[in-house]
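To start, the structure under review is shown below, and the notes come after it.
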Amino acid sequence: MKKRLSTAVFALLTLLTAGTQARTLVVYYSYTGNCREIATTLTNQIQADILEIRPAEKGQKYDADNYALGTQMLNTIKNDPDNAASYPAIDPVNITMEDYENIVVITPLWWSKMAAIMQSFLFRNASDMSGKHVGLIVSSHSSSIGTVISDAKRLLPDVTWTGDALWINAANHQSRATLIEEWLKAQNFQEKQSDTDIMYITANGHTFPVMLEDNVATRELTAILQQSPITFEAEDYGGFEKVGDLGCSLTRDDRQTTTKAGDVVLYNGSNIVLFYGSNTWDYTRLGCIQYESPDDLESFLKPGQGKIRVTLSLTAGQTHISQLCEDRLAPDTYYTLGGRKTTKPTNGLYIRNNKKIRL
Ligand SMILES: Cc1cc2nc3c(=O)[nH]c(=O)nc-3n(C[C@H](O)[C@H](O)[C@H](O)COP(=O)(O)O)c2cc1C
(Lines give C-alpha, C1' and ligand atoms only; values in the text may rest on other atoms or scores of the structure.)
Protein backbone atom coordinates (compact mmCIF):
# COMPACT_ATOMS: atom_id res chain seq x y z
CA MET A 1 0.00 0.00 0.00
CA LYS A 2 1.61 3.18 -1.09
CA LYS A 3 -0.55 5.73 0.70
CA ARG A 4 -2.46 6.00 3.92
CA LEU A 5 -5.97 4.96 3.02
CA SER A 6 -9.34 4.83 4.67
CA THR A 7 -10.57 1.48 6.00
CA ALA A 8 -13.07 1.14 3.19
CA VAL A 9 -10.46 1.68 0.54
CA PHE A 10 -8.14 -0.68 2.39
CA ALA A 11 -10.88 -3.28 2.11
CA LEU A 12 -11.20 -2.62 -1.58
CA LEU A 13 -7.47 -2.71 -1.98
CA THR A 14 -7.46 -6.10 -0.33
CA LEU A 15 -10.10 -7.20 -2.75
CA LEU A 16 -8.22 -5.94 -5.75
CA THR A 17 -4.91 -7.40 -4.68
CA ALA A 18 -6.13 -10.85 -3.69
CA GLY A 19 -4.14 -13.54 -5.42
CA THR A 20 -0.58 -13.63 -6.56
CA GLN A 21 -0.77 -11.28 -9.52
CA ALA A 22 -2.46 -7.98 -10.16
CA ARG A 23 -5.83 -8.81 -11.53
CA THR A 24 -6.97 -5.31 -12.16
CA LEU A 25 -6.02 -3.52 -15.33
CA VAL A 26 -6.10 0.24 -15.62
CA VAL A 27 -6.25 1.21 -19.27
CA TYR A 28 -6.01 4.83 -20.31
CA TYR A 29 -5.51 7.10 -23.26
CA SER A 30 -4.26 10.63 -22.76
CA TYR A 31 -3.58 13.38 -25.29
CA THR A 32 -2.70 16.28 -23.01
CA GLY A 33 -1.75 14.37 -19.86
CA ASN A 34 -4.83 14.63 -17.63
CA CYS A 35 -5.90 10.99 -17.96
CA ARG A 36 -2.30 9.91 -17.38
CA GLU A 37 -2.33 11.82 -14.08
CA ILE A 38 -5.66 10.22 -13.18
CA ALA A 39 -4.26 6.76 -13.96
CA THR A 40 -1.23 7.44 -11.76
CA THR A 41 -3.42 8.67 -8.91
CA LEU A 42 -5.63 5.60 -9.21
CA THR A 43 -2.73 3.15 -9.24
CA ASN A 44 -1.34 4.82 -6.12
CA GLN A 45 -4.52 3.67 -4.40
CA ILE A 46 -5.00 0.17 -5.81
CA GLN A 47 -2.64 -2.48 -7.07
CA ALA A 48 -3.17 -2.80 -10.78
CA ASP A 49 -1.37 -3.22 -14.05
CA ILE A 50 -1.46 -0.15 -16.20
CA LEU A 51 -1.79 0.06 -19.97
CA GLU A 52 -1.50 3.20 -22.06
CA ILE A 53 -3.22 3.22 -25.44
CA ARG A 54 -1.28 5.09 -28.08
CA PRO A 55 -2.34 6.08 -31.58
CA ALA A 56 -0.34 4.44 -34.38
CA GLU A 57 0.09 7.81 -36.10
CA LYS A 58 2.37 9.91 -33.95
CA GLY A 59 2.43 13.67 -33.57
CA GLN A 60 -1.16 14.28 -34.59
CA LYS A 61 -2.70 17.58 -33.44
CA TYR A 62 -6.22 16.57 -32.60
CA ASP A 63 -7.06 20.00 -31.24
CA ALA A 64 -5.61 22.10 -34.06
CA ASP A 65 -7.98 24.16 -36.27
CA ASN A 66 -10.73 24.13 -33.68
CA TYR A 67 -10.28 20.40 -33.02
CA ALA A 68 -10.74 19.58 -36.71
CA LEU A 69 -8.91 16.22 -36.74
CA GLY A 70 -10.52 15.04 -33.49
CA THR A 71 -13.92 15.95 -34.89
CA GLN A 72 -13.23 14.19 -38.16
CA MET A 73 -12.20 10.99 -36.37
CA LEU A 74 -15.35 11.01 -34.28
CA ASN A 75 -17.54 11.60 -37.34
CA THR A 76 -15.94 8.66 -39.14
CA ILE A 77 -16.87 6.41 -36.21
CA LYS A 78 -20.34 7.90 -35.95
CA ASN A 79 -21.05 7.25 -39.65
CA ASP A 80 -20.13 3.55 -39.52
CA PRO A 81 -19.64 2.43 -35.91
CA ASP A 82 -19.65 -1.31 -36.68
CA ASN A 83 -16.82 -1.09 -39.17
CA ALA A 84 -13.31 -1.66 -37.79
CA ALA A 85 -11.94 0.64 -40.49
CA SER A 86 -13.79 3.58 -38.92
CA TYR A 87 -11.58 3.45 -35.87
CA PRO A 88 -8.11 5.00 -35.84
CA ALA A 89 -5.15 2.63 -35.81
CA ILE A 90 -3.51 2.15 -32.43
CA ASP A 91 -0.23 0.62 -31.36
CA PRO A 92 -0.44 -3.11 -30.62
CA VAL A 93 -0.91 -3.85 -26.94
CA ASN A 94 0.84 -6.63 -25.12
CA ILE A 95 -1.62 -7.86 -22.54
CA THR A 96 -3.65 -10.99 -21.92
CA MET A 97 -7.17 -10.00 -20.96
CA GLU A 98 -7.66 -13.43 -19.41
CA ASP A 99 -5.34 -12.32 -16.59
CA TYR A 100 -7.79 -9.67 -15.45
CA GLU A 101 -11.22 -9.70 -13.96
CA ASN A 102 -11.46 -5.96 -13.28
CA ILE A 103 -10.67 -3.23 -15.77
CA VAL A 104 -10.80 0.50 -15.21
CA VAL A 105 -11.05 2.52 -18.42
CA ILE A 106 -9.85 6.13 -18.20
CA THR A 107 -10.64 8.24 -21.22
CA PRO A 108 -10.77 11.88 -22.28
CA LEU A 109 -14.01 13.33 -23.60
CA TRP A 110 -13.86 14.78 -27.11
CA TRP A 111 -16.81 16.79 -28.33
CA SER A 112 -18.94 15.11 -25.68
CA LYS A 113 -17.96 11.66 -26.99
CA MET A 114 -15.33 9.14 -25.96
CA ALA A 115 -11.94 10.06 -27.45
CA ALA A 116 -11.54 8.20 -30.75
CA ILE A 117 -8.30 6.47 -29.71
CA MET A 118 -9.94 4.85 -26.67
CA GLN A 119 -12.98 3.92 -28.76
CA SER A 120 -10.58 2.11 -31.05
CA PHE A 121 -9.12 0.06 -28.20
CA LEU A 122 -12.53 -0.87 -26.81
CA PHE A 123 -13.91 -1.77 -30.25
CA ARG A 124 -10.98 -4.10 -30.92
CA ASN A 125 -10.98 -5.72 -27.47
CA ALA A 126 -14.72 -5.92 -26.76
CA SER A 127 -14.96 -9.69 -27.10
CA ASP A 128 -11.91 -10.31 -24.88
CA MET A 129 -13.38 -7.94 -22.31
CA SER A 130 -16.78 -9.59 -22.26
CA GLY A 131 -17.72 -10.78 -18.80
CA LYS A 132 -15.17 -8.50 -17.11
CA HIS A 133 -16.06 -6.02 -14.41
CA VAL A 134 -15.42 -2.61 -15.88
CA GLY A 135 -15.31 0.82 -14.29
CA LEU A 136 -15.21 4.07 -16.24
CA ILE A 137 -13.47 7.36 -15.47
CA VAL A 138 -13.94 10.26 -17.90
CA SER A 139 -11.93 13.44 -18.01
CA SER A 140 -13.32 16.53 -19.73
CA HIS A 141 -12.72 20.24 -19.53
CA SER A 142 -16.29 20.96 -18.49
CA SER A 143 -18.75 18.98 -20.67
CA SER A 144 -20.83 16.33 -18.93
CA ILE A 145 -20.12 12.72 -19.74
CA GLY A 146 -23.48 11.10 -20.60
CA THR A 147 -22.56 10.45 -24.23
CA VAL A 148 -19.19 8.97 -23.27
CA ILE A 149 -21.04 6.53 -21.03
CA SER A 150 -23.32 5.64 -23.96
CA ASP A 151 -20.26 5.12 -26.16
CA ALA A 152 -18.77 2.80 -23.54
CA LYS A 153 -21.97 0.78 -23.33
CA ARG A 154 -22.21 0.53 -27.13
CA LEU A 155 -18.59 -0.57 -27.43
CA LEU A 156 -18.67 -3.01 -24.47
CA PRO A 157 -22.14 -4.54 -24.52
CA ASP A 158 -21.15 -7.67 -22.60
CA VAL A 159 -19.31 -6.37 -19.56
CA THR A 160 -20.55 -5.87 -16.03
CA TRP A 161 -20.29 -2.21 -15.09
CA THR A 162 -18.93 -1.81 -11.60
CA GLY A 163 -21.05 1.27 -10.87
CA ASP A 164 -21.50 4.86 -11.98
CA ALA A 165 -18.77 6.45 -14.06
CA LEU A 166 -16.52 9.02 -12.39
CA TRP A 167 -16.38 12.44 -14.02
CA ILE A 168 -13.23 14.44 -13.47
CA ASN A 169 -13.08 17.90 -15.04
CA ALA A 170 -10.87 20.98 -15.06
CA ALA A 171 -12.54 22.31 -11.91
CA ASN A 172 -11.95 19.21 -9.78
CA HIS A 173 -8.91 17.58 -11.39
CA GLN A 174 -6.70 18.70 -8.48
CA SER A 175 -9.02 16.90 -6.05
CA ARG A 176 -8.88 13.66 -8.06
CA ALA A 177 -7.26 11.60 -5.27
CA THR A 178 -10.26 12.16 -3.00
CA LEU A 179 -12.73 11.75 -5.85
CA ILE A 180 -11.14 8.45 -6.85
CA GLU A 181 -11.04 7.23 -3.25
CA GLU A 182 -14.76 7.94 -2.86
CA TRP A 183 -15.56 6.42 -6.25
CA LEU A 184 -13.67 3.21 -5.47
CA LYS A 185 -15.77 2.70 -2.36
CA ALA A 186 -18.94 2.58 -4.45
CA GLN A 187 -17.65 0.23 -7.18
CA ASN A 188 -18.41 -3.47 -7.22
CA PHE A 189 -15.23 -5.06 -8.39
CA GLN A 190 -14.94 -8.78 -8.80
CA GLU A 191 -13.07 -10.63 -6.10
CA LYS A 192 -10.47 -13.14 -7.13
CA GLN A 193 -11.28 -15.49 -4.33
CA SER A 194 -14.86 -16.42 -5.01
CA ASP A 195 -17.49 -17.81 -2.72
CA THR A 196 -16.52 -21.23 -3.99
CA ASP A 197 -13.25 -21.19 -2.04
CA ILE A 198 -15.03 -21.81 1.23
CA MET A 199 -17.99 -23.84 2.28
CA TYR A 200 -19.27 -24.27 5.80
CA ILE A 201 -19.86 -27.52 7.58
CA THR A 202 -22.20 -27.77 10.55
CA ALA A 203 -22.68 -30.68 12.94
CA ASN A 204 -23.55 -30.97 16.61
CA GLY A 205 -24.10 -27.21 16.91
CA HIS A 206 -20.68 -26.27 15.57
CA THR A 207 -19.92 -24.63 12.25
CA PHE A 208 -16.50 -24.57 10.67
CA PRO A 209 -15.21 -23.20 7.39
CA VAL A 210 -13.89 -25.78 4.95
CA MET A 211 -11.16 -24.52 2.64
CA LEU A 212 -12.02 -26.08 -0.70
CA GLU A 213 -9.72 -27.56 -3.28
CA ASP A 214 -10.11 -26.23 -6.79
CA ASN A 215 -11.31 -29.17 -8.87
CA VAL A 216 -14.33 -30.27 -10.87
CA ALA A 217 -15.95 -31.97 -7.87
CA THR A 218 -15.76 -28.85 -5.64
CA ARG A 219 -17.07 -26.67 -8.46
CA GLU A 220 -19.99 -29.06 -8.91
CA LEU A 221 -20.57 -29.17 -5.17
CA THR A 222 -20.59 -25.40 -4.78
CA ALA A 223 -22.96 -25.11 -7.75
CA ILE A 224 -25.36 -27.41 -5.91
CA LEU A 225 -24.88 -25.51 -2.64
CA GLN A 226 -25.65 -22.26 -4.41
CA GLN A 227 -29.18 -23.63 -4.77
CA SER A 228 -29.51 -24.84 -1.18
CA PRO A 229 -27.53 -26.42 1.67
CA ILE A 230 -27.15 -30.21 1.74
CA THR A 231 -27.83 -32.20 4.91
CA PHE A 232 -26.86 -35.86 5.28
CA GLU A 233 -26.11 -38.38 7.98
CA ALA A 234 -22.58 -39.62 8.51
CA GLU A 235 -21.44 -42.56 10.57
CA ASP A 236 -18.18 -43.90 11.86
CA TYR A 237 -16.09 -46.20 9.76
CA GLY A 238 -12.70 -47.76 10.38
CA GLY A 239 -12.00 -45.80 13.53
CA PHE A 240 -10.70 -42.84 11.52
CA GLU A 241 -13.63 -41.27 9.68
CA LYS A 242 -17.30 -40.36 9.47
CA VAL A 243 -18.82 -41.17 6.08
CA GLY A 244 -22.18 -40.18 4.61
CA ASP A 245 -24.07 -40.29 1.33
CA LEU A 246 -24.18 -36.91 -0.38
CA GLY A 247 -27.31 -37.86 -2.32
CA CYS A 248 -25.74 -37.07 -5.70
CA SER A 249 -22.59 -37.91 -7.64
CA LEU A 250 -19.69 -35.56 -8.27
CA THR A 251 -16.97 -35.96 -10.87
CA ARG A 252 -14.17 -38.10 -9.47
CA ASP A 253 -10.50 -37.33 -9.71
CA ASP A 254 -9.37 -40.12 -7.41
CA ARG A 255 -5.74 -40.22 -6.37
CA GLN A 256 -4.00 -42.18 -3.69
CA THR A 257 -4.22 -39.91 -0.68
CA THR A 258 -3.08 -40.16 2.90
CA THR A 259 -5.60 -38.15 4.86
CA LYS A 260 -5.25 -36.28 8.12
CA ALA A 261 -7.74 -35.12 10.72
CA GLY A 262 -10.02 -32.44 9.27
CA ASP A 263 -9.73 -33.59 5.64
CA VAL A 264 -12.94 -33.81 3.62
CA VAL A 265 -12.84 -36.14 0.62
CA LEU A 266 -15.13 -37.70 -1.94
CA TYR A 267 -15.22 -41.49 -1.93
CA ASN A 268 -16.77 -43.50 -4.74
CA GLY A 269 -18.21 -40.36 -6.32
CA SER A 270 -21.10 -39.81 -3.95
CA ASN A 271 -19.87 -40.36 -0.39
CA ILE A 272 -18.41 -37.59 1.68
CA VAL A 273 -15.80 -38.62 4.20
CA LEU A 274 -14.86 -36.45 7.17
CA PHE A 275 -11.63 -37.55 8.82
CA TYR A 276 -10.79 -37.46 12.50
CA GLY A 277 -7.90 -39.85 11.88
CA SER A 278 -5.86 -40.93 8.89
CA ASN A 279 -6.24 -43.41 6.05
CA THR A 280 -4.58 -44.05 2.73
CA TRP A 281 -6.92 -44.71 -0.21
CA ASP A 282 -7.97 -43.41 -3.61
CA TYR A 283 -10.03 -40.30 -2.92
CA THR A 284 -10.95 -37.04 -4.59
CA ARG A 285 -9.90 -34.27 -2.24
CA LEU A 286 -12.63 -31.75 -1.49
CA GLY A 287 -11.11 -29.63 1.24
CA CYS A 288 -10.02 -29.32 4.80
CA ILE A 289 -12.01 -28.30 7.89
CA GLN A 290 -10.42 -25.23 9.48
CA TYR A 291 -10.53 -26.12 13.16
CA GLU A 292 -8.45 -24.64 15.96
CA SER A 293 -7.74 -27.57 18.26
CA PRO A 294 -8.28 -31.36 18.30
CA ASP A 295 -10.99 -30.74 20.93
CA ASP A 296 -12.86 -28.59 18.39
CA LEU A 297 -12.86 -31.40 15.88
CA GLU A 298 -13.80 -33.99 18.47
CA SER A 299 -16.86 -32.12 19.74
CA PHE A 300 -17.83 -31.54 16.14
CA LEU A 301 -17.37 -35.03 14.63
CA LYS A 302 -17.81 -37.07 17.85
CA PRO A 303 -15.43 -39.89 16.86
CA GLY A 304 -16.76 -43.35 17.56
CA GLN A 305 -20.06 -42.07 18.93
CA GLY A 306 -22.32 -43.02 16.02
CA LYS A 307 -24.39 -41.12 13.50
CA ILE A 308 -24.20 -37.33 13.19
CA ARG A 309 -26.25 -34.98 11.06
CA VAL A 310 -24.05 -32.85 8.82
CA THR A 311 -25.00 -29.74 6.82
CA LEU A 312 -22.89 -28.29 4.03
CA SER A 313 -23.57 -24.70 3.02
CA LEU A 314 -21.93 -21.78 1.27
CA THR A 315 -22.94 -19.30 3.95
CA ALA A 316 -22.90 -20.00 7.64
CA GLY A 317 -26.17 -18.08 7.90
CA GLN A 318 -27.97 -20.86 6.05
CA THR A 319 -27.09 -23.35 8.72
CA HIS A 320 -27.91 -23.84 12.35
CA ILE A 321 -25.06 -21.91 13.92
CA SER A 322 -23.93 -21.42 17.43
CA GLN A 323 -23.50 -18.01 19.02
CA LEU A 324 -19.80 -18.40 18.67
CA CYS A 325 -20.12 -18.86 14.95
CA GLU A 326 -22.49 -15.93 14.60
CA ASP A 327 -19.85 -13.87 16.32
CA ARG A 328 -17.20 -15.33 14.02
CA LEU A 329 -19.07 -14.13 11.02
CA ALA A 330 -19.52 -10.49 11.95
CA PRO A 331 -19.25 -8.44 8.76
CA ASP A 332 -16.09 -6.51 7.91
CA THR A 333 -14.06 -8.42 10.47
CA TYR A 334 -11.00 -10.52 9.79
CA TYR A 335 -10.82 -14.12 11.02
CA THR A 336 -8.07 -16.67 10.83
CA LEU A 337 -8.89 -19.77 8.84
CA GLY A 338 -9.59 -21.42 12.16
CA GLY A 339 -12.29 -18.86 12.85
CA ARG A 340 -10.39 -16.71 15.36
CA LYS A 341 -11.18 -13.00 15.20
CA THR A 342 -8.14 -10.84 14.55
CA THR A 343 -7.89 -7.09 14.57
CA LYS A 344 -4.41 -6.91 13.10
CA PRO A 345 -4.19 -9.28 10.15
CA THR A 346 -0.71 -9.69 8.74
CA ASN A 347 0.21 -11.38 5.48
CA GLY A 348 -1.63 -14.60 4.78
CA LEU A 349 -5.07 -16.04 4.28
CA TYR A 350 -8.07 -14.75 6.20
CA ILE A 351 -11.83 -15.01 6.14
CA ARG A 352 -13.74 -11.77 5.76
CA ASN A 353 -17.40 -11.36 4.84
CA ASN A 354 -17.62 -15.12 4.30
CA LYS A 355 -14.82 -15.10 1.77
CA LYS A 356 -11.23 -16.16 1.81
CA ILE A 357 -8.87 -13.30 1.11
CA ARG A 358 -5.12 -13.09 0.87
CA LEU A 359 -3.36 -10.14 2.51
C1 LIG B 1 -10.36 16.81 -29.82
C2 LIG B 1 -10.77 17.29 -28.45
C3 LIG B 1 -12.09 17.61 -28.18
C4 LIG B 1 -12.45 18.03 -26.91
N5 LIG B 1 -13.78 18.30 -26.67
C6 LIG B 1 -14.17 18.71 -25.44
C7 LIG B 1 -15.54 19.00 -25.16
O8 LIG B 1 -16.41 18.93 -26.02
N9 LIG B 1 -15.87 19.39 -23.90
C10 LIG B 1 -14.97 19.48 -22.90
O11 LIG B 1 -15.34 19.81 -21.77
N12 LIG B 1 -13.67 19.16 -23.13
C13 LIG B 1 -13.24 18.81 -24.36
N14 LIG B 1 -11.92 18.52 -24.61
C15 LIG B 1 -10.97 18.64 -23.50
C16 LIG B 1 -10.63 17.29 -22.87
O17 LIG B 1 -11.78 16.51 -22.66
C18 LIG B 1 -9.97 17.50 -21.53
O19 LIG B 1 -8.94 18.44 -21.63
C20 LIG B 1 -9.43 16.21 -20.98
O21 LIG B 1 -9.04 16.40 -19.64
C22 LIG B 1 -8.23 15.76 -21.80
O23 LIG B 1 -7.66 14.60 -21.27
P24 LIG B 1 -6.15 14.25 -21.62
O25 LIG B 1 -5.30 15.39 -21.07
O26 LIG B 1 -5.85 12.98 -20.91
O27 LIG B 1 -6.04 14.14 -23.09
C28 LIG B 1 -11.52 18.14 -25.87
C29 LIG B 1 -10.18 17.84 -26.16
C30 LIG B 1 -9.80 17.42 -27.43
C31 LIG B 1 -8.37 17.10 -27.70
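By convention here, the first residue in the shown sequence is residue 1. Quick caveat, the model's predicted, so the values are computed rather than measured. One-based numbering, in listed order, for ligands and for the atoms of each.
Close N/O approach between Ser30 and ligand 1 is found [any backbone or side-chain N/O within under 3.5 Å]. For ligand 1, one of its N or O atoms has an N or O atom of Asn34 under 3.5 Å away. Taking any N or O of Ser139, backbone or side chain, at least one lies under 3.5 Å from an N or O belonging to ligand 1. Checked against a 3.5 angstrom limit, the closest N/O atoms of Ser143 and ligand 1 fall inside it. The shortest N/O to N/O separation between Pro108 and ligand 1 does not fall below 3.5 Å.
Using modelled atom types, one finds a donor on one side chain and an acceptor on the other under 3.5 Å when comparing Asn215 with Thr218. With 3.5 Å as the limit, one finds a donor-acceptor pair spanning the side chains of Asp254 and Thr284. Looking at Glu52 and Tyr29, their side chains never bring a donor and an acceptor atom within 3.5 Å of each other. No hydrogens or angles considered: a donor-acceptor pair under 3.5 Å links the side chains of Ser120 and Arg124.
Of all protein heavy atoms, the one closest to atom 24 (P) of ligand 1 is Thr32 OG1, 3.4 Å. The protein heavy-atom contact nearest to atom 18 (C) of ligand 1 is His141 N, 3.6 Å. Given atom 31 (C) of ligand 1, the protein heavy atom at minimum distance is Trp110 NE1, 3.4 Å. Among all non-hydrogen protein atoms, the one lying nearest atom 1 (C) of ligand 1 is Tyr67 CD2, 3.3 Å.
Shown in contact with Ser142 at under 4.0 Å from a heavy atom are these atoms of ligand 1, numbered in order with element: 10 (C), 11 (O). Close approach of ligand 1 to Cys35 (heavy-atom distance below 4.0 Å) involves ligand atoms 24 (P), 26 (O). With ligand atoms numbered from 1 in the order given, ligand 1 contributes 8 (O) to contacts under 4.0 Å with heavy atoms of Ser112. Atoms of ligand 1 lying under 4.0 Å from at least one heavy atom of Trp111, given by number and element, are 3 (C), 4 (C), 5 (N), 6 (C), 7 (C), 8 (O). If you number the atoms of ligand 1 from 1 as listed, the ones under 4.0 Å from a heavy atom of Gly33 come out as 24 (P), 25 (O), 26 (O). Taking a cut-off of under 4.0 Å to the non-hydrogen atoms of Tyr62, the atoms of ligand 1 that pass are 1 (C).
Aromatic ring centroids of Phe300 and Tyr291 lie 6.0 Å or more apart. Note: Tyr267 and Tyr237 fail the aromatic proximity criterion, with ring centroids not under 6.0 Å apart.
Relative to atom 13 (C) of ligand 1, the option among Leu109, Asn66, Ile38 with the closest non-hydrogen atom is Leu109.
Using a 4.0 Å cut-off between heavy atoms, Tyr31 contacts ligand 1 through both its backbone and its side chain.
The neighbour count for Asp65 CG, taken as heavy atoms of other residues, nucleotides or ligands under 6.0 Å away, does not exceed 12. Within a 6.0 Å sphere centred on CD of Glu57, other residues, nucleotides and ligands contribute 12 heavy atoms or fewer.
Scanning for ring-ring contact (aromatic ring centres under 6.0 Å, His included) contacts around Trp111 gives Tyr67, with sequence neighbours left out.
Checked for salt-bridge contact, Arg219 and Asp214 meet the test: a charged N lies under 4.0 Å from a carboxylate O.
Screening residues 86-95 for side chain to side chain donor-acceptor pair (under 3.5 Å) gives Lys58-Asp91, Tyr87-Arg154 as the qualifying pairs, with residues at least two apart or on separate chains.
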